[in-house]
Amino acid sequence: MLYAKIVLGIPVEGPFDYIVPEGLSEKIKAGSRVRVSFRTQQAVGYVVKLTKKSNINNVKPILALIDEVPILDKNILSLTKGLSEYYCCSWGEAIETALPEVLRKGRKISQNINIIEETSIRYDFRPEVTLLHDLDGDARWEIYLKSIKEALDSNRSIIVLLPDISSVLRAKEKIYAHLGIIPALLYRKQPQELSEWLKLKSGQAKIVVGTRSSIFAPLNNLGLVIIDEEHDPVYKQDQVPHYHAREVAYIRIKIEKAKLILGSGRPSLETFYSAKQDKIKYKFISRIKDFLQIKIIDTGYLDKISKQKNIFLSKYLEDSIAHTLNAQGKILLFLNRKGFATLASCISCGKSLRCPRCNVNLVYHFKDNILNCHYCNFKMQPPQICPNCNSGYIKYSGLGTEKIESELSRLFPQVRIKSLDSRKQIDFSDIDIFVSTQAIIKDPDCSFDLVGVLAIDNSLNRIDFRASEKTFALLIGLLKLTGKKMIIQTRLPGHSCFQALEKKDMDIFYAEELRQRKALKFPPYGHLGLIKLRGIKEERVKEASSSLFDRLNRFKKRNIKILSVNSGQPAKLRGNFYWQILIRGKEPRNLSSFLKNHLKDFPHSGIIVTVDIDPV
DNA sequence: AACTTACTAGCA
DNA sequence: GCTAGTAAGTTC
């Protein structure tokens, strides 16, 4: 008797044994998509192994084979296995994230498409990762195109990942213009998703350009993966399984012996650190241009005089705006409207109050008159005097509203001013001053003579251990928009973010940020895991969280630390109450298997538990 | 996840 | 003794 071990797209590990019917024994292979009855229902399943024996009592037969040829090749099978081990999900869930939606639902592939069986050619390449640290996107593309050509010449295929769809479309044009090839395009919700997927599966297309999920594209002989703007958090999926395309790429190139190029003008700390450790190659191309003027303005003094009036422009910035206007120049004023977290900071020294254990900003809660850390739940009474400089007093500030546009009209009555909050197509030609949020950075061809950065401290002071990293990436993104001058207003002029820019030496930022991460054993010196619990009844979620916290503490192993349990942020969302447990470990796979073991038999009726490894 | 079965409190 | 509502257990 022949049995198949089958996994399903549900959060249950499996695999489940099924009998292979006589007539199918020739056709069914590892990687086949089949229809099975599961409990009382029918489901789509994926064969991961064939065996002669089974220890299960009442084994059911496979109902039908869906595809003539296995839909998952060996490489995709081991990639998804690896994904499930890293990201704490079932193998079946991992397989389903790697497939187009219609195939997950069991639709048949039409007969006239010729899926080629796995090739057995093995090129003896060594997996190799390179960080291309380059501010200039065009220069990065020169290297990408050269590498793509090389891969094609040795008959290997290529995946190019970009953060968003408009970048994908631009990349397609570049590839067509330089190599004369039309690549397949993949992104979720692409109407042609299946036909593009099949082009790759059948070998008709050898290059795919796409967003995050394209890292799973079904290519034969993968030789090269390019991830542009590798620092971008959109490469992390915000649903289960919470994978990061960069991490999946690492797993995939090891399996397929391919090369990986990570390109960015502002690399993630993970990638930068790997480069520093010589674990990956490092190519540093363009520095911040010498002719750019970057000015950091300490606006601590504005707090004192802006009590009555809403003054948001330093004298220096105001003068520079006037000067630029006189010279018919264009100005961008950047204002990050996000981040309404109420912050406690000292007027005199500018330091915000931070958690002694987590080094993140404490959040002031008006209602309870208490300062609280959202990472470890540390609480303290607000101090009367600043613990840093002993003088001054502590100020609690939210973010000022953006009346900026109207205020500016008052200051510069003759000037054409516009602000952008939604992502509409804008015509820059009839605007002098443009007020915008970070949406502007995604616009590839806008350029200003002066970029003024307002209220950046709100971004820096977010309750997130990656706040500095994200702020730095944001500033570098803004820097690319100016051809001449950038002025940054801050109450924290000494922060490494700004120092790095002022001195035009990015290492200043990376060195300082790595030092802080190391002290806390936070990424890239360790890995975090976030367990989220949600349910309708607040008390029950809270109780379950603390009992899970105790349970994990009881069973915790070497190299795993259970850091904290606290209510989620927001604590209530769409009728559900949220709690979360943060753990830290050396190896993500250990975190995952530890959690799989102890969540399996954790009773959590009415509560949904999800795991996010390496949260961003 | 989606389902079945076991158990509980509330009621006449 | 009955049942609605919920907790717990199972899936090959």
Side-chain angles (χ1 to χ4, degrees), chain A residues 1-25 28-66 72 77 80-81 83-84 87-99 101-106 237-243 531-548 551 574-579 592 595-612:
Chain A
M1 185 75 90
L2 189 60
Y3 297 92
K5 295 206 172 288
I6 289 173
V7 296
L8 307 161
I10 56 170
V12 181
E13 195 63 61
F16 301 96
D17 292 2
Y18 284 87
I19 294 167
V20 178
E22 278 297 303
L24 293 178
S25 59
I28 282 192
K29 294 181 180 136
S32 291
R33 196 164 56 125
V34 294
R35 196 165 278 290
V36 292
S37 82
F38 185 68
R39 251 180 164 249
T40 55
Q41 310 209 114
Q42 276 199 21
V44 174
Y46 308 91
V47 177
V48 293
K49 208 183 168 185
L50 293 168
T51 57
K52 296 257 165 65
K53 267 197 269 178
S54 171
N55 299 323
I56 305 300
N57 283 332
N58 301 309
V59 186
K60 295 177 182 174
I62 290 170
L63 299 177
L65 174 67
I66 301 178
L72 306 156
L77 278 174
T80 48
K81 185 85 199 310
L83 182 88
S84 73
Y87 286 107
C88 198
C89 67
S90 72
W91 194 353
E93 285 177 294
I95 287 173
E96 295 218 326
T97 51
L99 288 178
E101 195 185 334
V102 288
L103 296 182
R104 298 199 296 264
K105 288 184 174 150
Q237 180 155 69
D238 56 9
Q239 279 160 11
V240 177
H242 292 279
Y243 71 88
I531 306 142
K532 287 185 232 172
L533 298 93
R534 67 173 202 268
I536 309 287
K537 290 186 181 143
E538 190 171 16
E539 259 326 289
R540 290 189 55 101
V541 181
K542 189 178 165 184
E543 273 164 28
S545 306
S546 64
S547 96
L548 180 57
R551 184 194 191 88
R574 279 180 252 110
N576 273 301
F577 289 91
Y578 285 75
W579 275 73
S592 255
L595 289 175
K596 270 185 187 174
N597 280 339
H598 298 295
L599 286 175
K600 205 170 44 196
D601 48 355
F602 173 68
H604 53 273
S605 169
I607 291 161
I608 294 161
V609 183
T610 57
V611 174
D612 184 354

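What's counted below: heavy atoms across the whole structure, side chains too, no hydrogens, waters or symmetry copies. The sequence lines fix the lettering, A, B, ..., with proteins before strands; numbering per chain opens at 1.
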Applying salt bridge (Lys or Arg N to Asp or Glu O under 4.0 Å) as the test, list every pair that has at least one member in residues 597-611 of chain A; sequence neighbours left out.
A:R551-A:D601

Any chance the rings of A:F16 and A:F38 have centres within less than 6.0 Å?
yes

Sequence neighbours excluded, which residues qualify as side chain to side chain donor-acceptor pair (under 3.5 Å) partners of A:Q237?
none

Heavy-atom closest pair (A:T80 atom, A:A94 atom, distance to 0.1 Å) is O-CB, 3.3 Å

Going 5' to 3' along DNA chain C, which nucleotides are the first and last within contact of chain A (any atom under 4.0 Å from a heavy atom)?
C:dA7 to C:dC12

Mark yes when over 12 heavy atoms from residues, nucleotides or ligands other than A:K49 sit less than 6.0 Å from its NZ; otherwise mark no.
no

Sorted by chain and residue number, the salt bridge (Lys or Arg N to Asp or Glu O under 4.0 Å) partners of A:E101 (sequence neighbours excluded) come out as A:K105

Listed in order of residue number, which residues of residues 51-63 of chain A have a non-hydrogen atom at under 4.0 Å from DNA chain C?
A:I56, A:N58, A:V59, A:K60

Can you sort out the partners of A:K542 under salt bridge (Lys or Arg N to Asp or Glu O under 4.0 Å), two or more places apart, ordered by chain and number?
none

Sequence neighbours excluded, which residues qualify as side chain to side chain donor-acceptor pair (under 3.5 Å) partners of A:R35?
none

Taking DNA chain C as the partner, which of residues 31-39 of chain A come within under 4.0 angstrom of it by heavy atom?
A:S37, A:F38, A:R39

Check side chain to side chain donor-acceptor pair (under 3.5 Å) between A:K81 and all other residues, then give those that pass, not counting sequence neighbours.
A:E85

Set of residues satisfying side chain to side chain donor-acceptor pair (under 3.5 Å) with respect to A:E543, sequence neighbours excluded:
none

What is the minimum heavy-atom distance between A:E93 and A:V240, and which atoms define it?
OE2-CG1, 4.0 Å

Start and end of the DNA chain B segment that chain A contacts, any atom under 4.0 Å from a heavy atom
B:dA1 to B:dT4

A:H604: partners by ring-ring contact (aromatic ring centres under 6.0 Å, His included), with sequence neighbours left out:
A:F602

